[in-house]
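Shown next, in structure tokens, is the structure this report addresses.
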Amino acid sequence: MEVFKFGGASVKDAQAVQNMARILDNIGDKRKLVVISAMGKTTNALERAINYYVQNKTVPLTYLEEIKQFHLDVSTQLFLSAPAQLGQKIEAFFKTIITFLENNKNWDYNYIYDQVICYGELLSTVIISEYLSFKNIENTWLDAREIIQTDSTYREAKVDWELTKIAVQQAVNRQKLSITQGFVGGSFNNNSTSLGREGSDYSAAIFAYCLDAKQVCIWKDVDGFYNGDPKIFPNTRVLEQISYREAIELAFYGASIIHPKTLQPLQRKEIPLYIKSFYKPEKVGTLITNGPKIKPKIPCFIVKHNLVLISLSTLDFSFFVEENISEVFALLHHYQVKVDLIQNSAISFSLCVDNRFNLVDDLLLHLKKKYKVSFNKNVSLYTVRHFDNATIASIENVKNILLKQQTRETVQWVTQEKT
Ligand code: ASP
Ligand code: MG
């Protein structure tokens, strides 16, 4: 049994859905579980509707109508005249959302978010499941909210592996094709939950783990895992093969090709992961296994922008010791600020951090009460793995470098963007 994952771009419109159906049809073997994201930018559109609702405490009818119309239009294009039953299912989903919002008394943002956001994936999968049936590709639609069992940490739900394994094994027929949603789960108290943005890759890994799948294939709009983002770095190439460990490292440094949580469950069971292009399914793509670390052995480039470099020293210029460091980390945890790099000397401690929830200013204020603080906003972090002298020069000759750190396999620079 194999697990496939198709992301939002691979099902963004009627044409993309047709292409996906062709891939499934050409592969022939039906023993598959297919995990699918919301169509195109639907998750962002639902987020806007949710934000409007929470800010104005009124049901965002116009936003919802637009999302519904988009899905009805895709259906009409796929079937010429969409089957009445599909139209009814789509209408019923929106009725459920509206009824929920009208009656909701719980103003916890994350809770509301998860009760609504799952409809992106529910909509895409009912449309695709119907379309596959229409194309004589027999399949079963499964509601992932009843299968992926999680706690109630809304928007970042933690999987209960034991319960999920039992549910997966009961729900999935290994001999047949099943279609289900990525990104969503369900909590023990029967609420919908979600696994974090871009979490559909992770869903595919969860299903594969619970099914002891032979392999997983993530279908993407790129040819595979590149040694750098082709939009940023020149002369990039697709990596033929990398190890789980290397892929985890690259994802940690910011390579955004796969959701970082995806690899651990696959590695634990040594389930191979392919990354392939849905435009060019005949190409081999990238294979991630326990095998070679990286093939071909070429430098890999990653960049993260919009970070903040903070440097701290004690007010009396005494040594910056363990006690100070542990206090700083407690504050980072408190303000949910993620650290990308640290460096320390006798009297100073530097950190390069991500401002993802816009809480860095609060953190800086707090730090200023205790330490001498200097900082640079809008810095970038360049990481090169498997570097050689030429790649080091290619960065150092052109960038304004604030800090450098080098280990045997990795070199990193914090740079100030020139304005
Ligand atoms: N639809 C979700 C998102 O856009 C999950 C995913 O696509 O992986 O974040
Ligand atoms: Mg996506």
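One is the number of the first residue; the rest follow in order along the sequence. Whatever order the structure lists them in is the order used to number ligands and atoms, beginning at 1. Since the structure is predicted, the reported quantities are computational estimates derived from the model, not experimental observations.
Here's the thing with Glu121: one of its N/O atoms is less than 3.5 angstrom from an N/O atom of ligand 1. Here's the thing with Asp201: none of its N/O atoms is less than 3.5 angstrom from an N/O atom of ligand 1.
For ligand 1, the atoms sitting less than 4.0 Å from at least one non-hydrogen atom of Arg197 are 3 (C), 4 (O), 9 (O), numbered in the order shown with element in parentheses. Per-residue contacts place Phe183 under 4.0 angstrom from the following atoms of ligand 1 (heavy atoms of the residue considered): 2 (C), 5 (C). Distances below 4.0 Å separate heavy atoms of Thr43 from the following atoms of ligand 1: 1 (N), 2 (C), 3 (C), 4 (O). Distances below 4.0 Å separate heavy atoms of Ser37 from the following atoms of ligand 1: 6 (C), 7 (O), 8 (O).
A salt bridge links Lys304 with Asp340; the closest basic N to acidic carboxylate O contact falls under 4.0 Å. Ion pair Asp361/Lys377 flagged as a salt bridge, since at least one NZ, NE, NH1 or NH2 atom sits closer than 4.0 Å to an Asp/Glu carboxylate oxygen.
The closest side-chain heavy-atom distance from Glu327 to Tyr371 is below 4.5 Å.
Contacts between Ser200 and ligand 1, counted as non-hydrogen atom pairs separated by less than 4.0 Å, involve both the backbone and the side chain.
Taking CZ of Arg48 as the start and CD of Glu66 as the end, the distance is 8.0 Å to the nearest 0.5 Å.
The shortest separation from a heavy atom of Gly7 to ligand 1 is not under 4.0 Å, leaving the residue out of contact.
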Q: Just do the side-chain hydrogen bond (donor to acceptor under 3.5 Å, both in side chains) check on Ser133 and Asn139 with the steps written out, would you?
A: CA-CA 7 Å; Ser133 303; Asn139 71 92; 3.3 Å; yes
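With Tyr119 as the aromatic partner, Lys95 does not meet the cation-pi criteria of under 6.0 angstrom to the ring centre and within 45 degrees of the ring axis.
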